[in-house]
Amino acid sequence: MTNPIDNKIDKTLLPEIKKRRTFGIISHPDAGKTTLTEKLLLFGGAIQQAGAVKSRKAARAATSDFLSIEQERGISVSSSVMKFNYKDYEINLLDTPGHKDFSEDTYRVLTAVDCAVMIIDSAKGVEPQTQKLMEVCRMRNTPIITFINKLDREGLEPLDLFQEIEDKLQIECVPLTWPIGMGKRFKGVYNLEEQQLGIFTPGYTPKNDDGVLIKDLDDPMLDEMIGESLAHQLREDVALLSVAAEPFDIDLYLNGTQTPVFFGSAINNFGVREMLDAFVRIAPCPGMRPTATRDVDPAEAAFSGFTFKIQANMDPEHRDRIAFFRICSGKFTKGMKVRHHRIGKDIKIANATIFMAQERSNVEEAYPGDIIGIHNHGTIKIGDTFTTKEPLKFLGIPSFAPEHFRRVLLKDPLKAKSLTKGLTQLAEEGTIQVFRPLHGNMHIIGAVGVLQFDVTMARLKAEYNVNAGYEPIDLSVARWVECENESYFNDFIRRNESSLARDAEGRLTFMTTSEYQLGFTKEDWPDIEFHKTREHN
Ligand code: G4P
């Protein structure tokens, strides 16, 4: 029996969709993501004081062994969701771990956003992690707004930064504000669109009506306000930009080829409001989402969405796991029944959670773009789709082939079952990937970054009471393998059994010591497809 397409539009959803913005921040560690997040939440009234985001991080870190790894190493391991309001908008900010070892998680978070803000440290320019994250954004043409941070310090010249962004990230920069000086001489930013001058006063958070309108840059008032030499420089810069810079084009921004650029200093809350105002105005609301069968319109009456992240131990009192679920269409209401297509059952979502900046609360209703947290006792995996009826499969929730591998050593043989359970669940969360070779009984764990191995061992101990360690194994490449020709595939499996394993979802994986070796195998077996990424089931 084929399922009917369930795509009737419900116009009453439109106002809710239009006011939603769901985004993530991409940056290299230390560029100022935590600081900017905090300022955005302050503007949204979601927190009352500076320091709340950091202290929240620290408080969480103290709650479990797993998170104390985060604290010890001074990185943000787990990402979360913060909802806040600004003007008439409802904004979902999805936090992304910045450390390179946790990039796979970050990649998946980026599949759940509609747009992103990229922070660049003005002294450091484009850094490696930003470059990697941009590659992911490019896969989905995610629109990006750029915030160049730390103008209160000496940094690179704005035009040199633009050149670097354009060269390394292949995205055209269009300034919407322009800095006046930098470091000790930093005087503020000039809003090129609104022709407003914002004067920087360290330690003072500018208010909405603080900007000074300067329609004509030749106005001598400019010299009085920022000094003759900087006024002269600003006039020259703006004259140059008017001929050299491309005009802002909303369509180019929306398809990810142009980025509007803002300058400021997050720690001083300077330039942030300008960016936020532009963000709510130009960033896209939830749009069409591709599935394996058709594109889903957010205004469809039928509910749909997907899980992009599973997180354990958010609440130390309850050792449960939360599935982070992005709503793609329809309206969520508390207690609603949805079809969990992978397991082929209807489930009732009675106690979904919405994440405000400092608290979680029970959600009564939610709309496309919103992220809800669903309590999960092992039945929800990354990539799972729930809909009212039609079986849909949202695309673009990738798993990346690990680059590092270890063999797991169980210290207490009686705990073999718990070890398998723990590793399976951690694999479902996407913390690590687990492989069982076709030959032998060992567990091989793979990760995109080595820090995950320590996190895995700490969590096995804390959550599953399993004492385990790991040792190196001579593997560095894994590829998921497929082939349409069954007998050819069986032949391949028979001749390569010692290099094959099954991942946690039972997918056949070819594992070897080097890219070089992989190349040989590919030559020998031209009809086999070797995949570096795969979609979740
Ligand atoms: P991250 O989440 O991207 O890793 O960066 P975070 O916001 O934690 O900022 C990294 C460091 O940069 C912090 O300093 C922060 O205070 C500083 N910072 C952020 N924005 C600005 C800015 O506009 N100007 C200047 N000068 N510094 C900025 P820290 O010393 O590492 O931490 P803390 O002791 O200040 O908390």
Side-chain angles (χ1 to χ4, degrees), residues 23-43 46-47 49-61 67 69-82 93-103 105-106 109-110 116-134 144-156 158 161 177 179-189 198-206 261-276 357 449 451:
F23 81 111
I25 298 180
I26 59 175
S27 62
H28 193 84
D30 264 357
K33 187 176 56 133
T34 310
T35 311
L36 183 70
T37 300
E38 193 162 275
K39 303 304 174 195
L40 295 175
L41 296 177
L42 279 168
F43 278 127
I47 53 171
Q49 73 202 42
V53 175
K54 280 202 171 162
S55 60
R56 179 176 135 272
K57 252 192 195 171
R60 270 211 332 243
L67 287 169
I69 289 183
E70 170 176 323
Q71 197 178 35
E72 271 168 31
R73 307 208 184 192
I75 54 164
S76 162
V77 177
S78 48
S79 52
S80 52
V81 180
M82 285 160 275
L93 169 53
L94 278 59
D95 189 18
T96 46
H99 192 280
K100 75 174 168 48
D101 279 1
F102 291 88
S103 48
D105 199 20
T106 308
V109 168
L110 289 175
V117 167
M118 170 168 77
I119 310 179
I120 303 273
D121 182 326
S122 72
K124 295 192 178 144
V126 176
E127 297 176 86
Q129 183 72 353
T130 314
Q131 212 160 347
K132 277 180 102 176
L133 294 167
M134 263 299 280
I144 312 269
I145 290 179
T146 301
F147 184 77
I148 296 185
N149 191 26
K150 307 197 185 181
L151 264 288
D152 58 319
R153 287 204 183 147
E154 293 302 326
L156 301 166
L161 280 165
T177 65
I180 302 163
M182 66 169 86
K184 288 202 176 69
R185 293 178 73 226
F186 182 51
K187 277 281 181 289
V189 291
I199 297 284
F200 173 64
T201 317
Y204 169 74
T205 296
V261 182
F262 292 83
F263 292 85
S265 167
I267 195 105
N268 290 294
N269 210 348
F270 191 83
V272 178
R273 188 190 285 276
E274 283 85 346
M275 191 211 50
L276 184 56
L451 191 52

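Read the numbers this way: they start at 1 and go in the same order the structure lists the ligands and their atoms.
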*asked:* Is Asn149 close enough to touch ligand 1? Criterion: a residue heavy atom under 4.0 Å from a ligand atom.
replied: yes

*Any idea which part of Ile119 is under 4.0 Å from ligand 1, heavy-atom wise: side chain, backbone, both or neither?*
neither

*Does any non-hydrogen side-chain atom of Asp121 lie less than 4.5 Å from one of Asp30?*
no

*Taking distance alone, with no angle check, do Thr35 and ligand 1 share an N/O pair under 3.5 Å?*
yes

*asked:* Under a 4.0 angstrom heavy-atom cut-off, which atoms of ligand 1 come close to Ser265?
replied: 22 (C), 23 (O), 24 (N)

*Check ligand 1 against Asp30 and write out every atom of the ligand that is under 4.0 Å from a heavy-atom position of the residue.*
1 (P), 3 (O), 4 (O), 5 (O), 10 (C), 12 (O)

*Which is it for Arg153 and ligand 1 at heavy atoms under 4.0 Å: side chain, backbone, both or neither?*
side chain

*asked:* Please classify the Thr34 to ligand 1 contact at 4.0 Å (heavy-atom distances, strictly less than): side chain, backbone, both or neither.
replied: both

*Are the side chain of Thr177 and the backbone of Phe262 linked by a donor-acceptor contact shorter than 3.5 Å?*
no

*Residue portion contacting ligand 1 (non-hydrogen atoms closer than 4.0 Å) for Pro29*: backbone

*Is a donor on one side and an acceptor on the other found under 3.5 Å between the side chain of Thr130 and the backbone of His28?*
yes

*asked:* Rounded to the nearest 0.5 Å, what separates atom OG in Ser122 from atom CG in Leu156?
replied: 7.0 Å

*Do the side chains of Phe200 and Ile180 get nearer than 4.5 Å, heavy atoms only?*
no

_Has Asn149 got a side-chain atom pairing as donor or acceptor with Ala266's backbone, closer than 3.5 angstrom?_
yes

*Closest by any non-hydrogen atom to atom 24 (N) of ligand 1: pick that one out of Asp152, Leu36, Ile148.*
Asp152

*Phe23 side chain near Leu40 side chain, heavy-atom distance below 4.5 Å*: yes

*asked:* Show, in sequence, the C-alpha distance, side-chain angles and deciding distance for Val126 and Ile120, and conclude whether the side-chain contact (heavy atoms from CB on, under 4.5 Å) test is met.
replied: CA-CA 6 Å; Val126 176; Ile120 303 273; 4.1 Å; yes

_Test your reading of the structure: does Gly32 have an N or O sitting under 3.5 Å from an N or O of ligand 1?_
yes

*Can you list the atoms of ligand 1 that are under 4.0 Å from a heavy atom of Lys33?*
1 (P), 2 (O), 3 (O), 5 (O), 7 (O)

